[in-house]
Amino acid sequence: MRLTTWNVNSVRLRTGHLPALIEATRADVLCLQETKVIDEAFPRDAFAELGYRHQVIAGQKNHNGVAILSRLPIDKHASRVWCEREDCRHASITLENGIEIHDFYVPAGGDIPDPEENPKFAHKLAFLREMAAYFRKRRPRNAPIVLVGDLNVAPLENDVWSHKQLLDVVSHTPIEVALLGDVMKSYGFVDAVRRFVPPEQRLYTWWSYRAQDWAKSDRGRRLDHVWVSPALEGRLREAHVHKAARDWTPPSDHVPVTVEIEG
DNA sequence: ATGGTAGGTATCCTA
């Protein structure tokens, strides 16, 4: 099974990229974030025509929004309110093969890395704490779970272009990195991509729109993640960051990330 | 040190 996560930054502006996305990823399951569209206007047919007939969509007007599009039958899907807000940042499904998939869009957190001063940062920290509490309580502990999405945290030194310069920049602050670590520990999740790309190697999934030449300045961050529970770790076969997608026009500022899981 | 761009919507907010 091949699974791709991608923050599309408007799904309607990226539907033209679907053939390229499918050719590059050969995904059975697509998990999207920042779809930025209400469910009634989601381009369902464009995905269905390409084989993604099983669809779970959770969108709202203007901001946020997540969607899971699958070629494999979906056995059930569930939604949940996070931080007492109906803001379309999560969808989850269980496939007929028993694998449970969680698609998250963690709040970006604004500019000021201080929860007292900045309510958006407080929301981000609360969201991460709630994710950790949710998976800590999950029973049994041996379920095959995949957690993906734009987690808006770059945890490792080589997940950002300058560890030192980003220590007080939202997405790489020690408090966020610690809380993301708590989410990871909550169910024993494994960073599927770093299983294949060693931590000594720089790896990004996002480059700002604000650079004149994103590739030349290469000031990226790894904000998009694929994690698997211990039950799936031994079945990981491949991981890939589709860096070339940053040049698909018009581009999202995030690129797709794909993993292959045996079975 | 600063400001740079993009998207959706409404004339600004979020990223």
Side-chain angles (χ1 to χ4, degrees), chain A residues 5-18 20-21 31-44 46 57-67 82-83 85-90 103-115 117-128 148-155 159-162 164-173 175-177 179-180 204-225 242-257:
Chain A
T5 178
W6 190 22
N7 178 323
V8 287
N9 188 18
S10 170
V11 69
R12 286 175 291 183
L13 280 183
R14 306 310 160 214
T15 47
H17 300 331
L18 273 178
L21 177 72
C31 295
L32 308 181
Q33 305 88 37
E34 280 207 272
T35 52
K36 292 187 170 178
V37 66
I38 55 172
D39 296 352
E40 294 72 31
F42 191 98
R44 288 176 174 272
I57 291 158
Q60 65 182 90
K61 196 176 171 181
N62 205 346
H63 298 302
N64 310 331
V66 292
W82 299 84
C83 297
R85 299 187 197 201
E86 304 275 357
D87 56 1
C88 299
R89 294 179 178 278
H90 172 247
D103 180 12
F104 279 100
Y105 176 49
V106 172
D111 288 329
I112 304 161
D114 178 350
E117 253 187 89
N118 174 9
K120 289 186 213 165
F121 195 66
H123 179 213
K124 181 179 198 174
L125 301 186
F127 197 100
L128 290 167
V148 308
D150 177 2
L151 306 185
N152 263 317
V153 181
D159 290 341
V160 293
W161 62 273
S162 168
K164 275 189 180 174
Q165 285 178 255
L166 276 87
L167 273 173
D168 59 353
V169 173
V170 172
S171 72
H172 193 60
T173 64
I175 178 74
E176 293 168 85
V177 171
L179 287 176
L180 193 74
Y204 314 137
T205 63
W206 172 90
W207 291 262
S208 169
Y209 283 124
R210 295 177 187 173
Q212 282 189 345
D213 183 333
W214 71 271
K216 192 179 170 194
S217 58
D218 199 24
R219 294 187 165 189
R221 305 178 200 171
R222 188 170 72 107
L223 305 177
D224 304 275
H225 299 274
H242 303 276
K243 189 174 176 180
R246 188 59 180 75
D247 276 328
W248 295 345
T249 49
S252 169
D253 44 356
H254 296 253
V255 297
V257 180

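The analysis underlying the following values was restricted to heavy atoms, covering all of them including side chains, and did not include hydrogens, waters or symmetry mates. Below, chains carry the letters A, B, ... as their sequence lines are ordered, and counting in each starts from 1. Note that the coordinates shown come from a computational prediction; the quantities given were computed from them, not determined experimentally.
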Side-chain contact, heavy-atom cut-off 4.5 Å: A/Thr173 with A/Phe121?
yes
Among A/Asp218, A/Asp253, A/Asp213, find the residue that satisfies the side-chain hydrogen bond (donor to acceptor under 3.5 Å, both in side chains) test when tested with A/Trp207.
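Between A/Trp207 and the candidates, side-chain hydrogen bond (donor to acceptor under 3.5 Å, both in side chains) is satisfied uniquely by A/Asp218.
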Spacing of [X] atom [atom1] relative to [N] atom [atom2], expressed in whole Å:
{"X": "A/Asp150", "N": "B/dT14", "atom1": "CG", "atom2": "P", "result": "17 Å"}
{"X": "A/His254", "N": "B/dA15", "atom1": "NE2", "atom2": "P", "result": "11 Å"}
{"X": "A/Asp224", "N": "B/dA15", "atom1": "CG", "atom2": "P", "result": "15 Å"}

If the [atom1] atom of [N] is compared with that of [M], how far apart are they to the nearest Å?
{"N": "B/dT9", "M": "B/dT5", "atom1": "P", "value": "22 Å"}
{"N": "B/dA10", "M": "B/dT14", "atom1": "C1'", "value": "14 Å"}
{"N": "B/dG7", "M": "B/dT11", "atom1": "C1'", "value": "15 Å"}
{"N": "B/dG4", "M": "B/dA15", "atom1": "C1'", "value": "14 Å"}

From A/Val170, A/Leu128, A/Leu223, residue fulfilling side-chain contact (heavy atoms from CB on, under 4.5 Å) relative to A/Asn152:
A/Leu223
Could you check whether the rings of A/His17 and A/Trp248 sit parallel, tilted or perpendicular, using 30° and 60° as the cut-offs?
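Ring orientation, 0 to 90° scale: tilted.
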For every nucleotide of nucleotides 1-9 of chain B, 5' to 3': is a protein heavy atom under 4.0 Å from its base (B), only from its sugar-phosphate (S), or from neither (-)?
---BBSSSS
Return yes if a side-chain donor-acceptor contact under 3.5 Å exists between A/Gln33 and A/Thr5, otherwise no.
yes
Any side-chain donor near an acceptor of the partner, A/Asp87 and A/Gln60, under 3.5 Å
no
